[in-house]
There are 2 protein chains.
Amino acid sequence: MDKIDIKELARDLNLSTSTVSRAFRGNSDINAQTKERILARARELNYQPNLYASSLREKKSNTIAIIVPELANNFFSQAIKGIEKIARSKGYHTLIYVTDDEYQLEVSFIDDLSNGRVDGIIMSASGESKDHNYLNKLKKKHMPLVFFDRVYDDIDVAKVTTNDYESSFNATKHLIDAGCGKVAFLVINKSLSIGKMRLQGYVDALAAAGIPYKKELIIDCSNDHKKNYNILSKVLTTIKPDGLFASVERLAIASYYVCQDLGINIPKKVKVISFSSLEIAPLLNPSLTTITQPARDLGVHAAQLLFKSLESGEPAHEHVVLKSKIMPRRSTM
Amino acid sequence: MDKIDIKELARDLNLSTSTVSRAFRGNSDINAQTKERILARARELNYQPNLYASSLREKKSNTIAIIVPELANNFFSQAIKGIEKIARSKGYHTLIYVTDDEYQLEVSFIDDLSNGRVDGIIMSASGESKDHNYLNKLKKKHMPLVFFDRVYDDIDVAKVTTNDYESSFNATKHLIDAGCGKVAFLVINKSLSIGKMRLQGYVDALAAAGIPYKKELIIDCSNDHKKNYNILSKVLTTIKPDGLFASVERLAIASYYVCQDLGINIPKKVKVISFSSLEIAPLLNPSLTTITQPARDLGVHAAQLLFKSLESGEPAHEHVVLKSKIMPRRSTM
DNA sequence: TTGTAGGCGTTATCAC
DNA sequence: GTGATAACGCCTACAA
């Protein structure tokens, strides 16, 4: 009673394998009673069709991949939930890959994935301004790809993002309205589309307020907490901005640590606003003003685009844009 | 140049499929030059062995599953990192499943997984005191299972946990030493092994300090934030404990929200300690005293146990226990 | 409605 | 060192 396959089950039931097979496929004609009998016996014997045999035969895996830069982040986990909800409703499985913001890992995931392991990929990019040629492999293999949030401009596939430019403009304006005249823009990746958009929003908001743009206020950070801590310490003690606009959550966190350690009062000495989906932003000291993206909806839309492509057999090219929302809290008051 | 299989590649190279196949398998004898030639041409033509065919043939998927209750939680994402590191080093892929603390989802994941999709499972349980019979299916199919952190006592498989009883004892003592005489224990799932252990540590620490145990101070919470908020509001306004011991991070968070809204000062009116791997515990208002588990190591150990079982073909039964660490912060000062 | 048979792409066994 | 061939477990024409 160890491993049982369709043949044994068929023999056990005095039926042919085709009939048994039919009982498990939704479509084919089969006598309702026979089907019930088969399924019942299958449950008893603990039989399940072998996934790899089916997938080989059908040339589809009913599985999609989600590639994200990180997990311990409410934005991505919410987006994943959105994707999974849709995927599950379509009978698809979901594979999650975490790049930890390493370009090389992203490349190798895509590589591994292009052997047919999945039918499609939803991804938020990690890959800075690197070569994106490896993604063309997917196109050649007709494997649909949908980007969300962090996209590559030079790759023509379906994308779901938020109104980053506008949000960024408004966030900067929010700081200016709160009295900041020297707003630093903290960014990790200026070359990623999302970084560019957010930077532009910042620049234009300054201009709109008649504040001259200063290059030294664009602070290039990294994915390493220690490095960021040092960079920000230096900025806060030498350049002394009175406003910080973090284009990424972790830079706001790093800023908080620096201010805490250096005794720089938020919001008195410096006001802080950040793109963030942090659930406990209200509990920080002080509570953090955030630009919050509709993470779950982003996931839902991305999944819908992917399945549209999967079902039609055509690659999708839509670009869906959703709106983020500013949640003012004490860090900018 | 669309889809290419081993046959076409073989034809293209004037070789047999067996030889080509050998080029991709590590072991078999094959002329080094031939192999190089094959691999080079494969790269050119963008050929990769079909995963499903290989898996069907080899009867193994080189994939393992990780089942966790939630993602947006530093504990689990760290543990996942630990698992993935080991898995990757063994050439295995990793599938992540999130139950959202729903028992039914856990059951259905296990069900789906037992069709051979993965070679083994690492899981942190969601399933309260329910029936765990569905797990026996795995044993019948010789699919190894390893638990980490949240385990089922009635299932005899390998487990990796932390010294929950001891940590809980110490955490309670920490509150008592800080002057608390009326410590409430916040718990979600008393019937899960981990809940029991932590509760027992609390009870024994009270006894050791000569403080009588009061049943009303054991606060049963849920996974729903709103409900918890209400429960805790009531507790804090009626029972008025002077210490809160959250056996789970989200209960500390909920307590913070309640205290913030009700104007109850932490730590003056009530001190708070919690099991938590929250990275930004130091940034909360006030900074939160935590009992921090070695999440990543838990994952590493769990993966090692799983691979040991996978490699030996024998189920593993070890129970590894790692140590957590109390990080005192302002919430208990 | 059910059965027969061939093949999905790979790899292992056995020859040469 | 390389080639022919038979499975792996399932699904779908096609035939009955």
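Just so it is clear: chains get the letters A, B, ... in the order the sequence lines come, proteins before strands, and each one is counted from 1.
- Counting to the nearest Å, the C1' atom of D:dC8 and the CD1 atom of A:Ile6 are 14 Å from each other.
- Rounded to an integer number of Å, the gap from CD of A:Glu58 to P of D:dA13 is 11 Å.
- Not counting sequence neighbours, the partners of A:Lys85 by the side-chain contact (heavy atoms from CB on, under 4.5 Å) test are A:Arg296.
- Taking atom CG of B:Leu56 as the reference point, atom C1' of C:dA12 lies 14 Å away to the nearest angstrom.
- One atom, CG of B:Leu9, and another, C1' of C:dG9, lie 13 Å apart when rounded to the nearest Å.
- With sequence neighbours excluded, no residue forms a salt bridge (Lys or Arg N to Asp or Glu O under 4.0 Å) with B:Glu8.
- Annotation: the terminal axes of the helix from C:dT1-D:dA16 to C:dC16-D:dG1 meet at 30°, where each axis is the rotation carrying the C1' atoms of four end pairs onto the next four (5 pairs per end, rounded to 10°).
- Ring orientation note: the planes of B:Tyr97 and A:His93 are nearly perpendicular, at an angle over 60° on the 30°/60° scale.
- By the salt bridge (Lys or Arg N to Asp or Glu O under 4.0 Å) test, B:Arg57 is found to be paired with no residue, residues two or more places apart in sequence or in another chain being considered.
- For the side chain to side chain donor-acceptor pair (under 3.5 Å) condition, the pairs that include at least one residue of residues 64-74 of chain A, sequence neighbours left out, are A:Glu70-A:Asn73, A:Glu70-A:Arg250.
- Qualifying salt bridge (Lys or Arg N to Asp or Glu O under 4.0 Å) partners for A:Glu318, counting only residues two or more places apart in sequence or in other chains: A:Lys308.
- We find that A:Lys137 and A:Asp111 are joined by a salt bridge, their nearest charged nitrogen and carboxylate oxygen being less than 4.0 Å apart.
- Atom OH in B:Tyr52 sits about 14 Å away from atom C1' in C:dG9, given to the nearest Å.
- Separating the CG atom of A:Asn31 from the P atom of C:dG3 is a distance of 11 Å, rounded to the nearest angstrom.
- B:Gln48 comes within 4.0 angstrom of the backbone, heavy atoms only, and of no base.
- When the side-chain contact (heavy atoms from CB on, under 4.5 Å) test is applied to A:Arg37, the partners found at least two apart in sequence or on another chain are A:Leu13, A:Leu15.
- For A:Lys59 and C:dG9, the shortest distance from a side-chain N or O to OP1 or OP2 is below 4.0 Å.
- Taking side-chain N and O atoms only, B:Ser16 has a distance below 4.0 Å to OP1 or OP2 of D:dG3.
- If B:Arg57 and B:Thr34 are placed on DNA chain D by their nearest nucleotide, the residue sitting closer to the 5' end is B:Thr34.
- Close to D:dT2, at under 4.0 Å from its OP1 or OP2, lies no side-chain N or O of B:Thr19.
- For the ring-ring contact (aromatic ring centres under 6.0 Å, His included) condition, the pairs that include at least one residue of residues 37-92 of chain A, sequence neighbours left out, are A:Phe24-A:Tyr47, A:Tyr52-B:Tyr52, A:Tyr92-A:Phe307.
- One can place CD of A:Glu8 at 9 Å from P of D:dG9, the figure rounded to the nearest angstrom.
- In this structure, the NZ atom of B:Lys35 is 15 Å from the C1' atom of D:dT2, given to the nearest Å.
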Tabulate atom names and distances for all N/O pairs under 3.5 angstrom spanning the protein and nucleotides 13-16 of chain C.
none

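- When distances run from any side-chain atom of A:Thr17 to the nucleotides C:dC8, C:dA5, C:dT10, the shortest one goes to C:dA5.
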